[in-house]
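First the proteins, then the strands, lettered A, B, ... as listed; each starts at 1.
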Amino acid sequence: MAFGKGHHLHLVDGSAFIFRAYHALPPLTRKSDGLPIGAVSGFCNMIHRMIEANTGPDAPTHAAVVFDKGSHTFRNDMYDLYKANREAMPEDLRPQIPLTREATRAFNLACLELENYEADDIIATLARQAREAGGRCTIISSDKDLMQLVGGGVEMFDAMKNLRIDADGVEEKFGVRPDRVVDVQALAGDSVDNIPGAPGIGIKTAALLINEFGDLETLLQRADEVPQPKRRQTLIDFAEQIRLSKKLVTLDDRTPIDVTLDDLEVLEPDAQVLLEFLTKMEFRTLTKRIADGLGVEAPAIPDTDPRGAEPAESGAPQMPPIDRGAYEVVRDAQALQVWIDRALARGEVAIDTETTGLNEMTADLVGISLATGPGVACYIPLTHKAEAGEGLFGGDALAEGQMGLDQALAMLKPVLEDASLLKILQNAKYDVKVLARYGIEVAPIDDTMLMSYAMNAGLHGHGMDALAERYLGHMPIPIKDLIGSGKSQITFDRVKIEDAAPYAAEDADVTWRLWQTFKPQLHRARVTTVYETLERPLVPVLARMERAGIKVDRDVLSRMSNAFAQKMAGLEAEIHELAGEAFNVGSPAQLGEILFEKMGLPGGEKGKTGKYATPADVLEDLATEHDLPGRVLDWRQLSKLKSTYTDALQEHINRDTGRVHTSYSIAGANTGRLASTDPNLQNIPIRTEEGRRIREAFVAAPGRVLVSLDYSQIELRILAHIAGIDALKQAFREGQDIHAATASEMFGVPLDQMTSDVRRQAKAINFGVIYGISGFGLARNLRIPRAEAQGFIDRYFERFPGIKDYMEATKAFAKQHGYVQTLFGRKIHTPEINAKGPGAGFAYRAAINAPIQGTAADIIRRAMIRMEAAIDGLPATMLLQVHDELLFEVDEGAADTLIARARDVMEGAAHPAVHLDVPIVVDAGQGANWAEAH
DNA sequence: GTACTCACG
DNA sequence: GACGTACGTGAGTACG
């Protein structure tokens with residue numbers, strides 16, 4: 001393919017990459033033999049990122065990486081002081097130079113260098129050829145010496161700042177068009193390259209002069225016309241030095257290279273060659289990442305002696321102790337750029353955001369901390385307020401010594417969105433949501449909280465403090481130490497920067513260390529797939545659902561609140577009348593006194609605190625003997641509905657969106673279920689008619705409808721599959737009423753003669769089985785004698801013998817391994833299973849339940865993760881998840897299409913990982929509000 | 001902060 | 001033989 005119009009050449013300034021990588025990274029060494037490889041590692045990361053970032057329609061058709069060769073060039077023959085002030089190459093960099101050439105070839109990129117010439121000259125030559133052939137050329141470099149080449153289809157790209165530089169960009173830098181850049185450089189000189197130029201003339205003055213006289217030669221010839229005497233004399237006295245300078249800065253675009261553009265066509269890397277090289281270098285992270293990208297198995301890199309290991313790649317982390325004094329406070333763009341370079345050269349960075357509150361929908365960004373290695377962390381304060389008394393406007397002015405929020409975010413956005421830079425976070429959803437409000441879509445991510453959850457669900461919590469203490473033996477600064485608690489609590493922007501920095505940077509440092517600790521463990525625990533397919537991908541999905549929120553009609557709630565209040569007042573009066581005295585109906589202790597002491601009713605039991613307990617089932621029994629308990633039950637129901645729902649929900653309506661935004665905790669429930677908080681939208685009433693009406697307040701926006709899809713009997717279907725109960729499977733395949741079918745099987749009643757009471761009992765047993773049934777529990781639930789309940793259970797086991805086998809097998813597995821698993825490999829630990837005492841009973845039943853509940857949770861997670869792509873293009877939004885239900889909001893006309901597509905996703909969610917031998921059925925509904933839709 | 005109660009799946 | 005039990009959650013209120 002002859003290079004020409006429509007082709008796009010990328011030229012990478014390889015030597016610049018090497019130096020940037022070398023200075024950005026700590027001195028890493030290869031674990032097996034101590035060979036310094038930091039620069040090679042950074043170089044490979046940068047090349048990999050560049051390739052990843054260039055996959056679109058603008059992708060290069062041709063590319064080469066260009067290097068300097070040796071330190072002597074033709075310019076030294078002209079001027080022996082050229083680049084004479086350059087420091088010698090560091091000793092630990094020298095052996096890495098040939099490795100970077102090898103790396104380039106391993107990526108299947110052309111690798112160019114030429115004796116006696118600089119990389120810049122080769123770049124100039126190829127750029128000219130590309131231009132002349134009518135194609136485009138992008139020079140990946142930020143070196144100003146290359147700016148003279150810009151124009152006519154040639155542009156530069158600063159890979160670190162993610163910035164394109166065209167002719168306008170060059171003019172911004174030099175004050176002249178690209179073709180006059182060398183004139184300005186000749187006059188201004190360059191202390192870095194030791195170009196003498198004209199003493200006393202800088203870029204500004206040089207540009208002024210060139211623009212006035214047209215070009216350098218004209219200027220020098222007409223120097224006597226320059227009005228300023230000093231400037232005039234300089235130009236006359238140093239004319240030859242200036243002409244020499246111009247020769248030195250002018251790139252040679254006729255170098256005798258032995259390749260043509262056609263030789264530089266972009267080729268796919270040979271997976272084997274590339275992975276072999278990366279493995280040889282012992283780059284664990286990068287090898288894995290690239291292998292994943294190529295869709296091949298990552299070759300194993302043997303663990304060798306950890307002494308002298310380079311931190312990023314070591315299996316058993318050897319980390320320096322946490323030193324809060326070592327963190328940097330980043331206060332300007334230059335300092336931030338150093339950290340960005342470090343992150344890019346590393347290929348991964350730990351991040352933590354500090355905000356004014358815990359609610360991601362309303363909290364504002366106060367600062368960001370970064371870590372690029374254990375102990376290598378900084379804090380970037382952004383919107384800390386000045387202390388009271390400081391500055392003219394007292395407490396509302398910003399504190400000194402912070403870079404502007406906009407500038408910092410502009411610099412960080414390309415980094416946070418860089419597809420080949422891994423962002424490591426603890427509870428990533430929080431930061432992802434906060435940053436989304438600033439127009440930043442953080443990706444890709446790793447989440448240490450979810451890594452811990454995938455490995456250790458059931459063993460302990462997964463908050464940062466718990467993880468730091470357990471895995472790092474370190475207690476991070478409690479946030480209370482900074483912001484206090486209770487009434488006197490302040491927001492984080494009121495914390496002094498000096499105090500905030502150690503806290504904030506420590507969190508990024510701890511996150512980095514946790515990641516380093518967990519990453520190798522994940523694989524060993526065989527939960528990598530769980531983490532990568534069930535945990536991590538849920539973060540952006542939930543973030544979007546939470547940010548969308550659901551519209552709640554305040555007036556509906558408000559009216560209900562008033563109605564409840566009136567009814568409650570009436571009931572309260574009746575209750576006091578019946579009791580013969582006034583007391584707090586909401587106090588179980590006081591109510592107990594009235595019922596069991598004053599009125600002498602039976603069944604009074606005291607709780608741990610020696611007070612009477614008055615749960616609903618006890619009051620229900622008492623209701624047959626007296627009017628009062630029934631009234632209390634009614635009052636309690638109203639009280640619950642009012643305080644928890646109609647009142648509290650109004651407080652959660654967001655001022656700006658008019659919607660309610662819950663927060664789902666991904667690692668809250670041990671079984672894999674989500675948990676909804678602030679507010680909990682997974683327990684909105686439905687079982688009673690009065691409570692159900694609260695769902696009428698959850699509405700669709702005008703012109704839209706709510707659509708609800710829920711799995712029918714998913715846990716029983718999973719039980720039928722896991723335990724292999726043929727009769728149940730058959731009933732599900734035939735679409736029978738499963739509880740009626742169970743009753744028929746157990747009691748021998750034909751389906752057409754089934755009574756609702758028998759069906760109800762069978763239903764209770766079916767649920768009981770899922771929960772790890774006991775005679776006592778079933779007896780209490782059905783309000784029947786324990787012996788009778790036990791009889792039901794015995795009969796059930798008799799009719800469905802596989803159930804008993806499943807329970808025994810699960811228990812044995814838990815006892816042996818300390819955990820149980822879902823069909824998708826999720827582990828739920830059962831540390832109490834071998835304990836003595838009642839704890840073992842709890843653990844046993846939890847172990848029975850966990851694989852069933854957890855498998856159902858996995859299935860709906862898979863559905864949610866796939867849902868966005870499936871409904872892409874529809875005017876529909878996924879809003880809520882309630883364990884077996886997904887709630888959507890959609891334009892009226894598209895509801896049926898949505899239902900069809902979402903149902904397909906939900907019903908097929910187990911595939912292809914698991915093939916259930918029961919059908920999965922999803923019911924759907926739609927309406928103006930949640931009550932109608934469900 | 002803990003206990004009790006109750007809303008959901 | 002006694003003990004204590006349905007599984008998983010979150011939140012509001014009372015009370016010390």
What nucleotide, of [options], holds the atom closest to the side chain of [X]?
X        : options               : result
A/Gln853 : C/dG8, C/dC15, B/dC8  : C/dG8
A/Asp678 : C/dG8, C/dA11, C/dT5  : C/dA11
A/Asn683 : B/dC6, C/dG12, B/dC8  : B/dC8
A/Ala648 : C/dG16, C/dG12, B/dT5 : C/dG12
A/Lys608 : C/dA6, B/dA3, C/dC7   : B/dA3
A/Arg673 : C/dT9, C/dC7, B/dG9   : B/dG9
A/Phe776 : B/dA7, C/dA6, B/dT5   : C/dA6
A/Lys640 : B/dC4, B/dC6, C/dC15  : B/dC6
A/Phe842 : B/dT5, C/dG10, C/dT5  : C/dT5

Within the 4.0 Å heavy-atom criterion, would you say [X] contacts the bases, only the backbone, or no part of the nucleic acid?
X        : result
A/Ile686 : sugar-phosphate
A/Ser774 : base
A/Gly607 : sugar-phosphate
A/Gly586 : sugar-phosphate
A/Glu715 : nothing
A/Ile684 : sugar-phosphate
A/Thr614 : sugar-phosphate
A/Ala847 : nothing
A/Ala616 : sugar-phosphate

What is the separation between atom [atom1] on [X] and atom [atom2] on [N], rounded to the nearest whole Å?
X        : N      : atom1 : atom2 : answer
A/Leu649 : C/dA11 : CG    : P     : 12 Å
A/Lys836 : C/dA2  : NZ    : C1'   : 17 Å
A/Tyr711 : B/dC8  : OH    : P     : 22 Å
A/Ile718 : B/dG9  : CD1   : P     : 17 Å
A/Gln650 : C/dA11 : CD    : P     : 18 Å
A/Glu885 : B/dG9  : CD    : C1'   : 10 Å
A/Lys642 : C/dA11 : NZ    : C1'   : 16 Å
A/Leu641 : C/dT13 : CG    : P     : 13 Å

OP1 or OP2 of [N] less than 4.0 angstrom from a side-chain nitrogen or oxygen of [X], does that happen here?
X        : N      : result
A/Ser587 : C/dC15 : yes
A/Ser643 : C/dA11 : no
A/Arg636 : B/dC6  : yes
A/Gln682 : C/dG8  : no
A/Asn584 : C/dA14 : yes

DNA chain C contacts made by residues 778-809 of chain A, counting heavy atoms under 4.0 Å:
A/Leu778, A/Arg780, A/Asn781, A/Arg786
Between A/Ser587 (side chain) and A/Asn584 (backbone), is there a donor-acceptor pair under 3.5 Å?
no
Just by distance, with hydrogens left out, do [X] and [Y] show a side-chain donor and acceptor under 3.5 Å apart?
X        : Y        : answer
A/Glu581 : A/His576 : no
A/Gln926 : A/Ser708 : no
A/Ser663 : A/Thr677 : no

Do NZ/NE/NH1/NH2 and the carboxylate oxygens of [X] and [Y] come within less than 4.0 Å?
X        : Y        : answer
A/Lys429 : A/Glu546 : yes
A/Arg693 : A/Glu696 : yes
A/Arg783 : A/Glu620 : yes
A/Arg554 : A/Glu651 : no
A/Glu690 : A/Lys567 : yes

Given pairs defined as Watson-Crick or G-U wobble with both distances under 3.5 Å, what dot-bracket annotation applies to DNA chain C, with ( ) intrastrand, [ ] crossing, | other strand and . unpaired?
......|||||||||.
Kindly state whether the ring of A/Phe800 and the ring of A/Tyr796 have centres lying under 6.0 angstrom apart.
yes
Evaluate the side-chain proximity of A/Asn654 to A/Arg659: yes if any heavy-atom separation is below 4.5 Å, no if none is.
no
Can you confirm whether A/Leu591 sits close enough to A/Tyr612 that some side-chain heavy atom of one is under 4.5 Å from a side-chain heavy atom of the other?
no
Interatomic distance at P, B/dT5 relative to C/dT5, whole Å:
14 Å
